[in-house]
Amino acid sequence: MTNLLEVRDLSTYFTTPEREVKAVDGVSFALNKAETFCLVGESGSGKSITALSVMRLLPARISSHPSGSIWFNGVDLLKQDDEAMRHIRGSQIAMIFQEPMTSLNPVFTIGDQITEALQLHHPEMSNQEVQERTVKALEQVHLPNARGRMRDYPHQLSGGQRQRVMIAMALACDPELLIADEPTTALDVTVQAEILRLMRELQDNTGMSILMITHDFGVVAQMAHQVGVMQYGKLVEQGSTKQVLSQPQHPYTQQLLAAVPENLARRKPTTAQVLNADAKPLIEIHNLSVWFPIKKGLFRRTVDYVKAVDDVSLAIPKGQIMALVGESGCGKTTLGRAILQLEKPTQGSVNVEGQELVGLSDQALRPWRAKMQIVFQDPQSSLNPRLLVETMLTEPMKVHGIGSSHEERLELAARTLEHVQLKREYLWRYPHEFSGGQRQRIGLARALVLNPEFIVCDEITSALDVSVQAEILQLLLDIRSERDLTLLFVTHNIGVVEYLSDQTVVMYKGKIVERGLTEQVCRNPQEPYTQKLLAAVPRLTITAL
């Protein structure tokens, strides 16, 4: 089989005022025509920098390639000038970036953005041909009403649709090589399954090669012919998908695979965790609805409602972990926020330890704020970049009257940091000085300093590497056992649900469609929607490619 892309001993260094960073260090691999090569590894391992080096998209002012070559169709890309690379990018090598909303221009329609690429690389095409080619590209990625959607702006599309537009833009010029950088990371499992199926279908139809960057081994098992594992800028292991996933040789590969939720050792439920039908719940929700008005016209009259949460009733037992699963937009996060009264319900009841929270004034709610906390999905945006960790942890304690002095609060904050496996000296750092996993631990510490009884965890592992995710999950289980905490774990990751939760509740279009013991819901789902969700989860079972 002929190599389309061959990377030989590639090194990519970044020059900073303090030191030289070896982002990619002596990497070699080959990608055959009509095949998929997956680069896997944790954040910072050099995966994306390798891809950007292939595309020659790194800033020349701070980056260099002290050694190596990148051969594409017999041409060394590192020796091509800017003009030559402009002809290669888009027409022969295309790239799909991780976040389509930041990659698509918000002020141009999706049709304009695709036609621009065609006009640049095919100036001989007439406007009519360009328009038809654009429609064809959108139809290739199964975007409904492709011709009509050309006039839409990126914000008018869902996450999955935006990703399809990115793929259409990349494929419009019929490239031989498609580089996909974490193309499904932020997508729901059903949308992810559609995107992966689409990429395989397009590869079968066009014969293009795919260089895919991911940290999801389920995606690797479904998509890859060959796999390369990166750590600290080096390629520590590579081989066929079956060989790497079933018989990993390098300790780092073994560690990554062991951290995948479906490979984590299953917990044996204790007596306290076995559901008791007569057990008194900590939180009871009755007929809860959260509707957002849709206003139109000059006088902004309400013409309809978005029923984010619609007549939901639920009981959350004390000391248990309840998983709330479903696709984006189903109402999971809104329900969690409504329980905490961060979102005012349209109707219904939220009862905590016999106290009705709906209708309480802000002052009356204050004591309950300490007992009920939330850890947000993105710690980067939920932690104030201008505050020290010390301020983030001691300020809530001061507000709620915990600790008689600043010194006592400081000691409690330091102990809480140690409780989430961080050093007490981290109190004197800012959020930007930490990794994603460490920031998530700080977010958890901020919730724990008030000694709450109930925590809503909103997609807190969705953007984390598998090994960091495993650490956070284990940490949550330990804290739950030590403090008898009750958790509502909002997620769309079924693997995490199976490992972590006692009960599972499935939401669809604002309503609960299925609930029960996690083992029962995940292994024997009754509702078609739950069955569809579970069927879409990428597993480590190796697909014959």
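Below, each value reflects all heavy atoms present in this structure, side chains not excepted, and no hydrogens, waters or symmetry copies.
- At least one side-chain heavy atom of Ile110 sits under 4.5 Å from a side-chain heavy atom of Leu143.
- Partners of Asp76 under the salt bridge (charged side-chain N to carboxylate O under 4.0 Å, His left out) rule, at least two apart in sequence or in another chain, do not exist in this structure.
- Among pairs with a residue in residues 96-120, none fulfils ring pair (Phe, Tyr, Trp, His ring centres under 6.0 Å), at least two apart in sequence or across chains.
- Between Gln80 atom CD and Met85 atom CE the span is 7.5 Å, to the nearest 0.5 Å.
- Side-chain contact between Leu533 and Glu327 is present, with at least one heavy-atom pair separated by less than 4.5 Å.
- Looking at Ile88 and Asn73, their side chains never come closer than 4.5 Å, going by heavy atoms from C-beta outward.
- Residues satisfying the side-chain contact (heavy atoms from CB on, under 4.5 Å) test with Leu342, not counting sequence neighbours, are Arg337, Leu340, Arg369, Ile374.
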Working for side-chain contact (heavy atoms from CB on, under 4.5 Å), residues Gln113 and Val165: CA-CA 9 Å; Gln113 295 184 61; Val165 170; over 6 Å; no
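- With Leu487 as the fixed residue, the side-chain contact (heavy atoms from CB on, under 4.5 Å) test singles out one of Leu500, Ile455, Leu477, Ile479: Ile455.
- Looking at Met212 and Val219, their side chains come closer than 4.5 Å, going by heavy atoms from C-beta outward.
- The minimum heavy-atom distance between Pro106 and Tyr153, with the atom names listed, is O-CD2, 3.6 Å.
- Using a distance-only test at 3.5 Å, with no hydrogens or angles considered, no donor-acceptor pair links the side chain of Arg151 to the main chain of Gly111.
- A side-chain donor-acceptor contact under 3.5 Å links Lys47 to the backbone of Gly41.
- Rounding to the nearest 0.5 Å gives a distance of 8.5 Å between CD of Gln474 and CD of Gln421.
- Between the side chain of Gln203 and the backbone N or O of Met208, at least one donor-acceptor pair lies under 3.5 Å.
- Looking at heavy atoms from C-beta onward, Ser28 lies out of side-chain contact with Leu235 at the 4.5 angstrom threshold.
- Partners of Arg439 under the salt bridge (charged side-chain N to carboxylate O under 4.0 Å, His left out) rule, at least two apart in sequence or in another chain, do not exist in this structure.
- Taking the side chain as every heavy atom from C-beta outward, Val490 and Leu335 never approach each other to under 4.5 Å.
- Nearest heavy-atom pair across Asn384 and Pro431 is O-CG, 3.4 Å.
- Nearest heavy-atom pair across Ser103 and Met166 is CB-CE, 3.7 Å.
- With Gln92 contributing its side chain and Leu177 its backbone, the two residues share no donor-acceptor pair below 3.5 Å.
- Each salt bridge (Lys or Arg N to Asp or Glu O under 4.0 Å) pair with one or both residues in residues 201-229, not counting sequence neighbours, would appear here, but there are none.
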Verify salt bridge (Lys or Arg N to Asp or Glu O under 4.0 Å) between Arg197 and Glu194, making sure each step is shown before the conclusion. CA-CA 5 Å; Arg197 195 182 309 116; Glu194 289 173 11; 5.6 Å; no
Assess whether side-chain contact (heavy atoms from CB on, under 4.5 Å) is satisfied between Phe489 and Leu476, documenting all intermediate values. CA-CA 10 Å; Phe489 198 88; Leu476 282 172; 3.6 Å; yes
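- Counting only residues at least two apart or on different chains, no side chain to side chain donor-acceptor pair (under 3.5 Å) pair has a member in residues 205-214.
- Applying the side-chain contact (heavy atoms from CB on, under 4.5 Å) criterion to Ser48, with sequence neighbours excluded, gives Asp181, Ile213.
- Residues satisfying the side-chain contact (heavy atoms from CB on, under 4.5 Å) criterion with Glu132, sequence neighbours excluded, are Gln128, Arg147.
- By the neighbour-count criterion of 12 heavy atoms within 6.0 Å, atom OH of Tyr508 is sparsely surrounded, having that number or fewer from other residues, nucleotides or ligands.
- The shortest heavy-atom contact between Ala94 and Gly90 is CB-O, 4.3 Å.
- Checked by atom type and distance alone, the side chain of Arg162 pairs as donor or acceptor with a backbone atom of Pro154 at under 3.5 Å.
- Here the side chain of Thr241 pairs a donor or acceptor atom with the backbone of Ala224 at under 3.5 angstrom.
- With sequence neighbours excluded, the residues satisfying side-chain contact (heavy atoms from CB on, under 4.5 Å) with Ala445 are Leu393, Thr416, Leu417, Val420.
- Put simply, CD on Gln255 and OG1 on Thr253 are 9.5 Å apart, with the number rounded to the nearest 0.5 Å.
- Side-chain contact between Thr50 and Leu211: absent, with no pair of heavy atoms (C-beta onward) separated by less than 4.5 Å.
- Evaluation of the ring pair (Phe, Tyr, Trp, His ring centres under 6.0 Å) test over residues 10-65, restricted to residues two or more places apart or in two chains, returns Phe29-Phe37.
- One finds the CD1 atom of Ile96 at 12.5 Å from the CD atom of Glu182 (value rounded to the nearest 0.5 Å).
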Arg386/Thr391 under side-chain contact (heavy atoms from CB on, under 4.5 Å): CA gap, chis, key distance, verdict: CA-CA 10 Å; Arg386 292 193 267 178; Thr391 308; over 6 Å; no
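- For the salt bridge (Lys or Arg N to Asp or Glu O under 4.0 Å) condition, the pairs that include at least one residue of residues 228-237, sequence neighbours left out, are Asp25-Lys234.
- Applying the salt bridge (Lys or Arg N to Asp or Glu O under 4.0 Å) test to residues at least two apart or on different chains, none of the pairs has a partner in residues 108-125.
- Formation of a donor-acceptor pair under 3.5 Å by the Arg89 side chain with backbone atoms of Met55 is found in this model.
- Proximity of Trp428 to Glu433: side-chain heavy atoms (C-beta onward) are nowhere separated by under 4.5 Å.
- Between the side chains of Ser67 and Ser11, a donor-acceptor pair is found at a separation under 3.5 Å.
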Side chain to side chain donor-acceptor pair (under 3.5 Å), that's the test. Do Thr518 and Ser501 meet it? Break it down for me. CA-CA 6 Å; Thr518 295; Ser501 65; 2.7 Å; yes
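- Between His250 and Tyr252, the two ring planes are perpendicular [angle over 60°; tilted spans 30° to 60°].
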Go through Leu383 and Arg446 one step at a time and tell me if the side-chain contact (heavy atoms from CB on, under 4.5 Å) criterion holds. CA-CA 10 Å; Leu383 299 177; Arg446 184 174 59 179; 3.8 Å; yes
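- For the atom pair CG of Leu475 and CG of Leu422, the computed distance is 8.5 Å after rounding to the nearest 0.5 Å.
- Considering every non-hydrogen atom in both Val244 and Leu257, the closest pair reads O-CD1, 3.8 Å.
- Cys522 approaches Val497 most closely through the heavy-atom pair SG-CG1, 4.2 Å.
- Within the model, atoms CD of Gln238 and CD of Gln243 stand 9.5 Å from one another, a figure rounded to the nearest 0.5 Å.
- Electrostatic pairing of Lys136 and Glu139 does not count as a salt bridge here, judged by no charged N lying under 4.0 Å from a carboxylate O.
- With Lys22 contributing its side chain and Gly233 its backbone, the two residues share no donor-acceptor pair below 3.5 Å.
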